[in-house]
Structures are given as C-alpha cells and as structure tokens.
Amino acid sequence: MADLDSIFSDDWGEDHRSGIVAVVGQPNVGKSTLINAILGQKIAIVTSKPQTTRQRQLGIYTSDDAQILFVDTPGIHKPQTRLGAYMLGVARGALRDADAILWLLDASRAPNEADRRIADLLRQLAANKPIVLALNKSDLLDDDADPSEHFALCDYQCALKTSATKKQGIDQLLEALLPLLPLGPRYYPAEQASDANLRFLAAELIREKVIEHTSDEIPYTVAVEITRFREGAQRTQIEATIFVERDSQKGIIIGKRGAMIKRLGSAARSDLQSLLEVSVRLDLRVKLLRNWRSNEAFMRRLGYASPKRKGD
Ligand SMILES: Nc1nc2c(ncn2[C@@H]2O[C@H](COP(=O)(O)OP(=O)(O)OP(=O)(O)O)[C@@H](O)[C@H]2O)c(=O)[nH]1
Ligand SMILES: [Mg+2]
C-alpha cells in the first residue's frame, strides 16, 4: 500500500503562493492569447476582432511553488448594449476580486483615451492592488521603440514587453507576478487548466468560428447555445443553435445553399474533435432572437447573467 507521503507528494510547502490575477485591457490587445500561451493550451477563444471574450473565465497555472488563477475578462470598452454593460460588469468584478492586476496594452499603438479610462477604473476599483503592465504585441515593434507613454499610464510594480503569439516574455511575466501573490494553498488540482466545462468550451469554439468567418456587425450579435451534448466512447454528439438578431444575419450565416454554415460546422467540428479527443457529430441550427443583446431575459437564457453586486 502506498504511504501517505507519496499520496500527498504534490502537496505545497510553506512558501507556496496562490492568488487571483485579473487580466484586463482594451478589446483585442491579446488577453486571451496570452493566457493560452501561459498555460500552453487553448482554454479561451481568440479572434482578430474586438469584443471576443464575453464572460469571466479562469486559466489555472500551476507550478511546484505557486498556483496563479488568471481571470480572462472582456475587453474594457464603452457599452452600447445591455450585453456590453454586462461585459463591463464582468471586468469590474474581476478587478475587485483580484489579488493582482495584469494590464495588457497594445505596444504597437500609442495609448489613447480608452486606456486612460482604464487607468481611472483601476484607481477606482483596484486601488492598492499591485499592477503589472504588459506591452503585448511587442513583436510588431522595433527593439528601440520608446515605451515611455505606455509606462506613464499608471503606477505599477513591474512593466515588461510580451508577445503572446510568439510566446515571448512569458517566463519574465510569471516571475514578476509570483511575489505579488499571498502565501496560500493550491486551490485546483495541478492538471486542471480551466474552470470552464466542456459544454461552455464547445459553445465558445463554435462562436469563434462564426466570428472568424463573418464581418461587420455579425460577430457582435451572435450567441451560441448547446442544446445537446451526448458523450459516447466512439463519438460525441453535439447540437447547437446559433442565435442572431436579424433575419438578414440568419441568411448570411446559412449562406448560399448552406455553404457558410457547412464551412463553420466543419471548422468547429475539427476543433471540437481536438478538444474532446473523440470523433464528433455536430449539428448546427440558426435562430432569430430579435435584439437579444438589449433584452435582459434573452441574455439570461444565453448565459450572460451574473449575480447583482453593489456598485455594478
Ligand atoms: N502580432 C501579435 N498579435 C497578437 C498578439 N497577441 C494577440 N494577438 C492577436 O490579437 C488578436 C486579438 O487577440 P485576443 O487574444 O482575442 O485579444 P483579447 O484581448 O482577448 O480580445 P477581447 O476578448 O476581444 O477583449 C488576435 O488576432 C491575436 O492573434 C501578439 O503578441 N502579437
Ligand atoms: Mg479575449
């Protein structure tokens, strides 16, 4: 029989650190890409269009001496719809709950008014919390580019350059974050990389494919609901509904003689098979839910609902 020491061999020592790092910034700066790069696996969807992430999602990084709970958040922007307001609420909540803040900036462009509004929000909701500034997309810059304008945005503990797509600056980033976290235990098993369940990840992967394959307002108006998720040893059967806000959008997603939905379906199926490591049968439908982004009840139904908190 194995002795207790070997059963608990992955136990943490007295100097083990753990805590929550809120990853915030404008839309499209690379927050989700960076979390995937840190974890070495895809737990969050990434697209070339802004406002991809809509919900809070944990990326769990575990090493021998630490566990960092990275909270992926929606990009902070001025909300135009109830959905936008919900997304801002998610980012605000993450700032409040965090032990430390990782503020991602796009190194390839100068800071603007929206960045200054984020600095204000940090002062308001995360005063006294340590901030690490990461100038992401540094691969798009010359080595001698001057980052002083970015670094002047707020008081920070540490500022560094990263490239999430090229996986540069990741170790330095982890080294900078670690001492900012309190001493504490491992909250999740070492092998767990996210708190999201497979149903959620499946819906997100389908939404990612719709965003990638469409343009104009469609990426912002789409929601995906999994209506059936039946796991089998040989094959997993998934049925999903893609919701849009207008009739014309429905036509675009279905495409000429179903060409677009076929393309979306086959791209999503291929990703789902990699995620689930089993053959997948995927059936997609498209439905109209007029102006769902401004309708609280519809949003709730689509999973965009959070408990009301003071100050939101
Ligand atoms: N060149 C370059 N592109 C990057 C880098 N990091 C992310 N990107 C690209 O930037 C785009 C947006 O990346 P996301 O990770 O979806 O950005 P996000 O901040 O999570 O965006 P939202 O969820 O919309 O707030 C994608 O096309 C990424 O491939 C980087 O370091 N360098
Ligand atoms: Mg994102």
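Just follow the structure's listing: the first ligand is 1, and inside any ligand the first atom is 1.
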Task: Metal site the Mg ion (ligand 2), protein N/O/S atoms found under 2.8 Å - done: 2
- [ ] Identify, chain by chain and in numerical order, each protein residue with a heavy atom under 4.0 Å from an atom of ligand 1.
- [x] Pro27, Asn28, Val29, Gly30, Lys31, Ser32, Thr33, Val46, Thr47, Ser48, Pro50, Gln51, Thr52, Thr53, Gly75, Asn136, Lys137, Asp139, Leu140, Ser163, Ala164, Thr165
Open item on the list: Using the rule that Ile, Leu, Val, Met, Phe, Trp and Tyr join whenever any side-chain heavy atoms are under 4.5 Å apart, tell me whether Leu104 and Leu180 fall into a single cluster.
Closed with: yes
Open item on the list: With a 4.5 Å cut-off on side-chain heavy atoms, are Ser194 and Ile60 touching?
Closed with: no
Task: Pairs involving residues 213-238, ordered by first then second residue, that meet salt bridge (charged side-chain N to carboxylate O under 4.0 Å, His left out) (sequence neighbours left out) - done: Glu217-Arg246, Glu225-Arg301, Arg228-Glu239
- [ ] Tell me yes or no: between the side chains of Ser163 and Ser138, is some donor less than 3.5 Å from an acceptor?
- [x] no
Task: Option among Ile35, Leu69, Leu39, Val21 that satisfies the side-chain contact (heavy atoms from CB on, under 4.5 Å) test with Tyr61 - done: Leu39
- [ ] Report the residues that fulfil ring pair (Phe, Tyr, Trp, His ring centres under 6.0 Å) with Trp292, sequence neighbours left out, ordered by chain and then residue number.
- [x] Tyr304
- [ ] Determine whether more than 12 heavy atoms belonging to other residues, nucleotides or ligands lie under 6.0 Å from atom CG of Asp155.
- [x] no
Open item on the list: Once rounded to the nearest 0.5 Å, what's the spacing between atom CZ of Arg207 and atom NZ of Lys209?
Closed with: 12.0 Å
Task: Salt bridge Asp195-Arg56, side-chain N to carboxylate O under 4.0 Å - done: yes
